[in-house]
Amino acid sequence: MKLSVRKYGDPVLRRKGVLVAEVTPEVRQLIADMFETMEASHGVGLAAQQVGHALQLTVIDIRPIEDRPSTLELKGKAVDPKSIMPLVLLNPVVQPVGEPVAGSEGCLSFPKLYAEIERPESVDVTATNERGETIAFRAGGLLGRCIQHETDHLNGILFIDRMSRNDREELKPDLDDLQAATKAALKKK
Ligand code: ZN
């Protein structure tokens with residue numbers, strides 16, 4: 001089932017996700033619904049907060065974007081990043097690797113807003129997958145960026161928090177409009 005994507009101004013986006021102790025049938029259903037929602041919205045990553053659940057759960061599939069390379073290492077060996085797509089991360093712990101690099105980002109909770117965000121080039125990731133197994137890998141490029149963007153969501157952090165002051169100033173009228181529209185819509189419910 002496609003879920004509605006929560007927009008900037010919805011307080012759930014600022015909530016830190018709680019750990020997912022077990023992959024229950026409810027969690028499995030939520031994962032399936034999140035993939036459906038992400039694909040319908042043409043996104044490459046979606047965090048549980050963005051569909052109204054403050055949980056340590058995110059889904060990622062970078063395959064639709066072909067012009068921005070990704071890297072993946074399993075136990076120090078380079079492998080095809082597509083081999084772990086679609087990717088479900090429960091309770092991810094990420095450790096930054098390398099110097100910050102700038103890259104363009106958008107977010108389904110901020111329609112039509114884009115900015116250059118600086119993030120470490122790669123990340124070491126440990127998480128639980130949808131089968132309850134522990135997975136560990138190093139991801140870089142687009143995938144590394146996407147994982148950092150999504151794990152930020154799981155901690156209530158949004159990409160506007162990581163923008164340059166200039167970009168944020170420039171986008172402020174749009175951000176204020178979006179926040180007001182979201183709050184007005186929430187009030188009507
Ligand atoms: Zn986002």
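Just so you know, ligand 1 is whichever comes first in the structure, and atom 1 is the first atom listed for that ligand. Scope of the values below: all heavy atoms of this structure, side chains included, with no hydrogens, waters or symmetry mates.
If you run side chain to side chain donor-acceptor pair (under 3.5 Å) between Ser109 and each of Gln50, Gln49, Arg6, only Gln50 comes through.
Salt bridge annotation for Glu130-Arg28: absent, with no cationic side-chain nitrogen under 4.0 angstrom from a carboxylate oxygen. Taking the charged nitrogens against the carboxylate oxygens, Lys112 and Asp174 have no contact shorter than 4.0 Å, which rules out a salt bridge.
Around CD of Glu133, the count of heavy atoms belonging to other residues, nucleotides or ligands within 6.0 Å exceeds 12. For Glu116, the CD atom counts as densely surrounded, since its 6.0 Å shell holds more than 12 non-hydrogen atoms of other residues, nucleotides or ligands.
Sorted by chain and number, the protein atoms of type N, O or S within less than 2.8 Å of the Zn ion (ligand 1) are Cys107 SG, His149 NE2, His153 NE2.
Judged by distance alone, the side chains of Asn166 and Glu170 never bring a donor and an acceptor atom under 3.5 Å apart.
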